[in-house]
Amino acid sequence: MAIGTLVSLFSRYLRGAADEVLLGLAYIIHILKASPLIIILAAHINPINWNSILGAGHI
């Protein structure tokens, strides 16, 4: 959490393209942290519910 705060503060200080790149990398890291949970949940959900899962990802 401290690293994320420092990256966010540093990116906001730099502004512009550096801000976009650093925050984009932070978003990717957040997604990667949640990936194992998403895989486990997908393995236990009934195959009929795949449309609702895919649709919820676009909200």
Side-chain angles (χ1 to χ4, degrees):
M1 190 163 178
I3 294 172
T5 302
L6 290 174
V7 168
S8 179
L9 288 173
F10 187 66
S11 69
R12 293 296 179 183
Y13 176 74
L14 292 177
R15 296 184 183 163
D19 179 30
E20 296 292 327
V21 170
L22 288 174
L23 289 180
L25 290 173
Y27 291 144
I28 291 170
I29 291 170
H30 285 286
I31 291 169
L32 291 176
K33 289 190 323 184
S35 294
L37 177 62
I38 293 169
I39 292 169
I40 290 170
L41 287 174
H44 292 288
I45 293 178
N46 209 353
I48 297 170
N49 294 330
W50 277 106
N51 289 333
S52 61
I53 294 169
L54 295 174
H58 295 288
I59 293 176

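Bear in mind the structure is a predicted one, so any value in this text is a computation, not a measurement.
Residue Ile29 is found outside any hydrophobic cluster, as its side-chain heavy atoms come under 4.5 Å of no other Ile, Leu, Val, Met, Phe, Trp or Tyr. Listed by chain and number, the hydrophobic cluster partners of Ile31 come to none, as no ILVMFWY side chain reaches under 4.5 Å of it.
The distance from the NE2 atom of His30 to the CG atom of Leu23 is 9.5 Å, given to the nearest 0.5 Å.
Both Leu22 and Tyr13 are part of a single hydrophobic cluster, where members link through side-chain heavy atoms under 4.5 Å apart.
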